[in-house]
Amino acid sequence: MATPARTPRLRAWMLEGLTDRPGQHAQTGTAHEGRPWWRVMCLTGLDYFSTLGYQPGIAALAAGLLSPLATIVLVVLTLFGALPVYRRVAEESPHGEGSIAMLERLLSFWKGKLFVLTLLGFAATDFLITITLSAADATAHLVENPHLTDTLHGHEVPITLLMIALLGAVFLKGFSEAIGVAVVLVATYLGLNVVVVAVGLWQVATEPHVVADWTQALTAEHGNPFMMIAIALVVFPKLALGLSGFETGVAVMPHVHGDPDDTGARPAGRIRGTKKLLTTAAVIMSVFLICSSFVTTLLIPADEFKAGGEANGRALAYLAHEHLGSAFGTVYDVSTILILWFAGSSAMAGLLNLMPRYLPRYGMAPHWARALRPMVIVFTLVAFLVTWLFDADVDAQGGAYATGVLVLITSAAVAVTIAAKRAGERGWTIGFGIISAVFVYTTAVNVVERPDGVKIGACFIAGIMALSLLSRLARVFELRVTHVELDDMAQRFVRDTANRTIRFIANEPDRRDKAEYRDKVEQIREDNDIPPGDDVLFVEVTVLDPSEFESGLKVRGEVLHDRYRVLTLESSTVPNALAALLLHVRDDTGQRPHIYFEWTEGNPMANFLRFFLFGQGEVAPVTREVIRAAEPDRARRPHVHAG
């Protein structure tokens, strides 16, 4: 007997904070609920700064002795490419939607929706692989610790799954304290890295032969400096993981505290704080990238970076153990494990901010997708699947991660280029255009050399497309109208007929001349035996963007040819708009209105597809079905007639 009582409580807990407003999500706060920008920087820094755990090793594998030079190229692109792009994205899209929202405004109808779904697929690739790759790397640091390797080796997958489950549990409990945890983790981790890098630089400075050996090997392998620079420019796309923090930096914008006078349309304080966040994080990371790449390349034997080597995926941890002892190395490992584990929180925050803004609004996710906890469960389960498929292998997930990161950065660069051009900013247009070209090149090189990333991204895109279309098909008979507003004339028409039988005639507007309305009235009266003295109101729906799922409904009243009273509506679908109007009139007047249709000619299946894709088609039965779905009490449903 206790189960029925528990179920509503569980449902209420799962759907806590669910809102019916399109584009709004329970997690999104207002300016006064935010945190200082530097604290939020630690949240996005969980993802960005934690890449130090594996980035130096990846750079060494990709560029070899040229790793420091290739890293410098990456830093230049970071500070003079990605940073200006995302500072502009923060201005243009201050609610965390990123470049996807900017590009969405350029396209309409189904092509816009499909384009956004494609970008969401790459965003899902980026954020979900961030969760799984970081957890897998945390596991690698745990297993490779000299004190634990004998005990934990061979159990990488269950350990990684446990870490992902714990991350999901944090979000299920609530995320209010996560930023505080992020500050502690980031401060500790960066402090320990300062020690490791400083000791490494001291080792290089006190052993001059190390630099001499490196430069001699470089010259022998690559020839003159110009050839080295050329090769560094070619190989730096393989280091693209070092750019991972920018997209999450924008995604967590809603958490940044703004000014008291910030508005929803223009939160100037939040934008300013986010720019500080992006700039500070980029500068800190750039310094660490150059220094860590330099010391690891010079002090770690090349073979240790390869698969099975002690520095594979954990170069700085190798130096910590090698030069600072086992005790400090273990402390460093613990710090690295914690920040890599919790790095998924910034990616999870990005997913929870991004996906519910689009999919439910497109009708391509269930209504509960606007609630935080159900989506946490969904994303956690997907992360389980990805971890199992990749066997918790860090290197195997690197291609997908880099592809997701680069596609999103490239889309951001293109979006800000278009925005600058539309604003008439010629200098910025040229600058952003050059940056876009560089990122297009970087993405193309990455795709050619690591096609598995595109394949994995394509799987995410295909999955999102398939589930989205199935969801939209399942929700096709929902009311889909958020609110109904009648202007003064329309209200007067309804009031005038409220003391009699309210009769509407659904009319597809054509020439809108006198003959059209006269013939329509005569035909409807004849087909349905409407008494000659009964008043009728015409209802005409103009379909705007049939790809939109939810919208408000504004009803205007007008008198045509001094005789015919017409209610005009604009909506994404004809049947749903008519059903919403009928239910609104019923609630407003207390009467069950009647509406009259002509049967639509043609194949019913073809007409249904017209309704699904273009908002028209078999209007009469679909209107009746939408009403039936919205009003379970048959005695309260408006009357639908077709003749």
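- Annotation: side chain of I284 is not in contact with side chain of Y48 (no heavy-atom distance under 4.5 Å).
- Using modelled atom types, one finds a donor on one side chain and an acceptor on the other under 3.5 Å when comparing T139 with T160.
- Between D259 and R270 there is no salt bridge, since no side-chain N of the basic residue sits under 4.0 Å from a carboxylate O of the acidic one.
- Between F439 and L77, some side-chain heavy-atom pair lies under the 4.5 Å cut-off.
- Taking CG from L408 and CZ from F127, the interatomic distance works out to 6.5 Å, rounded to the nearest 0.5 Å.
- Qualifying side chain to side chain contact (heavy atoms under 4.5 Å, CB included) partners for A317, counting only residues two or more places apart in sequence or in other chains: H141, R314, Y332, D333.
- For the pair L201 and F294, the minimum side-chain heavy-atom distance is below 4.5 Å.
- Evaluation of the salt bridge (charged side-chain N to carboxylate O under 4.0 Å, His left out) rule for E304 yields no partner, not counting sequence neighbours.
- Atom-to-atom distance recorded for L52:CG and T336:OG1 is 9.0 Å, nearest 0.5 angstrom.
- Two residues are said to be in side-chain contact when any heavy atoms from C-beta on lie closer than 4.5 Å; V407 and T403 meet this criterion.
- Nearest heavy-atom pair, V295 versus V197, reported as atom, atom and distance to 0.1 Å: CG1-O, 4.2 Å.
- At a threshold of 4.5 Å between non-hydrogen side-chain atoms, the residues F49 and M285 count as touching.
- Between the OG atom in S335 and the CG atom in N193 there is a gap of 7.5 Å [rounded to 0.5 Å].
- Applying the side chain to side chain contact (heavy atoms under 4.5 Å, CB included) test to W38 and every residue at least two apart in sequence or in another chain returns P36, V183.
- The shortest heavy-atom contact between L83 and L79 is CB-O, 3.7 Å.
- Partners of R87 by salt bridge (charged side-chain N to carboxylate O under 4.0 Å, His left out), not counting sequence neighbours: none found.
- Summarising the geometry, atom CD1 belonging to I337 is positioned 4.0 Å from atom CG belonging to L142; distances are rounded to the nearest 0.5 Å.
- At least one side-chain heavy atom of F379 sits less than 4.5 Å from a side-chain heavy atom of M348.
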Please list every donor-acceptor pair under 3.5 Å in which a side-chain atom of residues 296-303 meets a protein atom from a residue at least two apart or in another chain.
from : atom 1 : to   : atom 2 : distance (Å)
T296 : OG1    : S292 : O      : 2.6
T296 : OG1    : S293 : O      : 3.2
T297 : OG1    : S293 : O      : 2.7
D303 : OD1    : K306 : NZ     : 3.4

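- Residues Y189 and V186 form no side-chain contact, since every pair of their non-hydrogen atoms from C-beta on lies 4.5 Å or further apart.
- With sequence neighbours excluded, the residues forming a ring-ring contact (aromatic ring centres under 6.0 Å, His included) with Y86 are F246, listed by chain and number.
- Residues T410 and T443 bring a donor and an acceptor atom of their side chains to less than 3.5 Å of each other.
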